[in-house]
Structures are given as structure tokens and as C-alpha cells.
Amino acid sequence: LKVLGKASQSVDCLLKIPCDTFAILDFDTVLFDEQRKVFGVVYDILGSVRDPIYLVRFNSAAEAQEQVGKTIYYAPDNKGITKMIMLEEL
């Protein structure tokens with residue numbers, strides 16, 4: 001697993017994860033927590049291609065708020081659960 005970024009803020013039931021690396025992930029990419037457990041999936045993407053902010057949707061605002069500050073990971077080598085976007089395709 002590779003670090004995607006740290007959960008920075010929750011807005012209602014959405015959690016914002018600014019990207020700390022140059023990973024361009026697509027919708028529905030599976031994300032993981034520090035214990036290598038499934039954390040959620042990319043629900044939406046904000047910002048520019050070079051500086052994306054990924055959103056993960058939770059069932060409640062309280063659940064999203066509990067996740068702020070956690071380091072989030074993705075699995076770049078598993079094409080079944082990680083959907084990467086290549087810049088050449090844009």
C-alpha cells in the first residue's frame with residue numbers, strides 16, 4: 001500500500017483527503033486505513049488533476065468526523081480495486 005494523504009476535514013457525511021502524492025485515482029477506487037482495512041471508496045474528486053482532493057462518503061456526519069486526521073492508503077498494484085487515470089488519456 002502507498003500513502004494517499006491525510007483526512008483533513010469532514011463536511012456533512014463527506015471526508016476530504018488532499019493527495020500527498022502524485023496519484024490520479026478515479027471514482028470507486030478502494031482506499032485503506034493504517035491497519036490495512038478497507039476505509040471506503042473514492043466518491044467524488046475536487047480540485048485540479050495535479051492537486052486532487054478525494055472525497056469519501058460515510059453514513060453520517062459523526063462517522064466522517066471521526067476519521068479526520070487518519071492517514072489513508074491506496075493499492076497501486078491491484079488493478080481490480082485501484083482505478084488510476086493516466087494523464088495521456090485526458
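These numbers come from a predicted model, not from an experiment.
When the side chains of ILVMFWY residues are joined at heavy-atom separations under 4.5 Å, either directly or via intervening members, V38 and L55 end up in two distinct hydrophobic clusters. Clustering ILVMFWY residues whenever any of their side-chain heavy atoms sit less than 4.5 angstrom apart, transitively, puts M84 in the very cluster that holds V42. Using a 4.5 Å cut-off between side-chain heavy atoms of Ile, Leu, Val, Met, Phe, Trp and Tyr, with links allowed through other members, Y43 and F27 fall into different hydrophobic clusters. V68 and L14 fall into different hydrophobic clusters, where Ile, Leu, Val, Met, Phe, Trp and Tyr are joined by side-chain heavy atoms under 4.5 Å apart, directly or via other members. I53 and I72 are not part of a single hydrophobic cluster, where members link through side-chain heavy atoms under 4.5 Å apart.
Other residues, nucleotides and ligands place no more than 12 heavy atoms under 6.0 Å from the NZ atom of K37. The environment of Y73 atom OH is dense: over 12 non-hydrogen atoms of other residues, nucleotides or ligands sit within 6.0 angstrom.
Across every non-hydrogen atom of I81 and A75, the tightest pair is CD1-CB, 4.2 Å. When every heavy atom of A7 is checked against every heavy atom of Q67, the shortest pair comes out as CB-O, 3.4 Å. Y74 and L4 get closest at one heavy-atom pair: CD2-CB, 3.9 Å. When every heavy atom of C19 is checked against every heavy atom of D51, the shortest pair comes out as O-OD1, 4.5 Å. Nearest approach of P18 to K6, heavy atoms of both residues: CD-O, 3.5 Å. Taking all atoms of both residues into account, the shortest heavy-atom contact from F32 to F39 is C-CB, 3.7 Å.
A 4.5 Å side-chain heavy-atom check between F22 and R50 finds at least one atom pair inside the cut-off. For the pair V11 and K16, the minimum side-chain heavy-atom distance is below 4.5 Å. Counting heavy atoms from C-beta on, the side chains of V56 and Y54 never come closer than 4.5 Å.
No side-chain donor-acceptor contact under 3.5 Å links K83 to the backbone of G80. A donor-acceptor pair under 3.5 Å is formed between the side chain of D33 and the backbone N or O of Q35.
If you run side-chain contact (heavy atoms from CB on, under 4.5 Å) between T82 and each of V30, L31, L25, only L25 comes through.
Expressed to the nearest 0.5 Å, how far CD1 of I24 lies from OG1 of T21 amounts to 10.0 Å. The line from NZ of K70 to CD1 of I17 is 11.0 Å long, rounded to the nearest 0.5 Å. Here the OG-CD distance, from S10 to E66, works out to 10.0 Å after rounding to the nearest 0.5 Å.
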